[in-house]
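Have a look at the structure below, then the notes.
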Amino acid sequence: MPKSVALVVAAGRGHRAGGEIPKQYMTLAGRPLLRRTVAAFAGHGEIDTVRVVINPDDRALYDAAVAGLTLLEPVAGGAERQDSVRNGLESLVEHGLDNVLIHDAARPFVTADLISRTLAALDHGPGAIAAVPLSDTLKRGDGMITETIPRDGLWRAQTPQAFHYDAILAAHRDAAGLSLTDDAAVAERAGLAVTLVPGGEDNFKVTTPEDFERAQRMLTEGAATEARVGTGFDAHRFGAGDHVMLCGARIAHDRGLVGHSDADVGIHAIVDALLGAIGAGDIGDHFPPADPRWAGADSTVFLAHARDLVERAGGVIGNVDVTLICERPRVGPHRAAMIACLAEVLAIAPDRVNVKATTTERLGFTGRGEGIAAQAVATVRIG
Ligand code: MG
């Protein structure tokens with residue numbers, strides 16, 4: 001697999017959108033615009049990691065916008081967009097990259113499919129950009145038309161713009177100080193072939209207040225109102241040990257739970273519920289029990305991954321509700337800690353998390369004290 005990094009350019013001031021803060025940090029249907037954009041790449045299976053180029057003055061806004069996402073440290077941009085991209089590219093020299101995708105922070109509607117198709121085009125050449133064929137007739141003029149420009153073969157450039165890393169770095173170094181409007185222009189100047197990959201009208205750049213309204217409508221109408229539900233169930237057997245992990249809480253006990261990971265049966269049920277809600281299979285698909293990486297793993301890692309997958313699917317977690325089924329240990333004293341842990345990892349308010357416990361009146365395997373079971377429900381709004 002080639003190593004590919006996404007470089008998200010977020011260093012602009014973006015005041016045309018009319019807000020008090022740069023537009024990339026403004027909230028769009030409950031989440032910062034930048035977070036939506038970054039999450040599209042951070043959760044993509046063919047992207048190894050993401051670096052954002054920011055204005056250092058925005059560091060606090062940046063930290064708040066991407067909290068909980070796994071990204072490289074941001075780097076500082078320059079005076080012009082071209083300088084910002086070059087800084088970003090230079091910062092990746094040590095990473096042994098094959099490909100880099102350069103993307104505008106202000107295009108939050110980039111799809112996983114467009115990212116994949118743009119990357120795939122790099123199998124056949126050093127550059128590829130998302131673009132849309134022009135449908136409007138072009139006129140040149142100043143109040144009065146002086147010329148009609150044939151639109152045949154004309155495209156509007158979008159991002160992502162993807163390149164073989166070494167080639168675009170060399171092209172950017174060579175173009176330093178010039179003023180070129182996008183990275184494809186930098187590549188063209190260096191004689192690199194750049195493929196046009198059909199983008200989409202929805203992949204527009206959020207620039208003006210009207211754009212914000214359009215983006216808000218796209219996120220809150222139609223698909224955004226769709227509610228999804230998923231269920232999860234899990235059970236683990238008691239074995240030797242002095243504590244159990246339940247919903248992220250460490251509870252002293254005269255036995256432990258047996259499992260490949262830390263055997264947190266409550267979190268496993270919630271992970272399956274979240275995956276169920278977005279049609280993403282089950283926990284074993286994402287964290288195979290045979291994989292030595294997950295031996296003794298802290299199950300909050302699985303939960304954070306499920307949260308990232310929900311985000312990548314364009315979803316917002318509505319609530320999670322989990323029932324722990326056992327005679328012992330007693331869950332009540334630990335409920336508050338469990339809720340706090342789950343809410344923090346899922347990045348949702350504690351009142352959207354519920355933890356319940358029940359016994360089975362000494363019936364069945366839980367009643368005989370052979371193990372603990374858990375079942376969970378999660379709702380996700382897709383938007
Ligand atoms: Mg399990």
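As the structure lists them, so they are numbered: ligands from 1, and atoms in each ligand from 1. Nothing fancy with the numbering, it's 1 onward along the sequence.
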Task: Under-2.8 Å protein N/O/S neighbours of the Mg ion (ligand 1), ordered by chain then residue number - done: Asp234 OD2, His236 NE2, His268 ND1

Task: Minimum side-chain heavy-atom gap Met26-Phe212 below 4.5 Å - done: yes

Open item on the list: Given 3.5 Å as the limit, does a donor-acceptor pair link the side chain of Arg151 with the main chain of Ser135, or not?
Closed with: yes

Open item on the list: Let me confirm one number: the CZ-CG distance from Arg31 to Leu219, rounded to the nearest 0.5 Å.
Closed with: 8.5 Å

Open item on the list: Applying salt bridge (charged side-chain N to carboxylate O under 4.0 Å, His left out), can you list everything that pairs with Asp298, at least two apart in sequence or on another chain?
Closed with: none

Open item on the list: Is there a side chain to side chain contact (heavy atoms under 4.5 Å, CB included) between Val244 and Phe238? Walk through the geometry before answering.
Closed with: CA-CA 9 Å; Val244 296; Phe238 278 124; 4.1 Å; yes

Task: Salt bridge flag under 4.0 Å for residues Arg255 and Glu370 - done: no

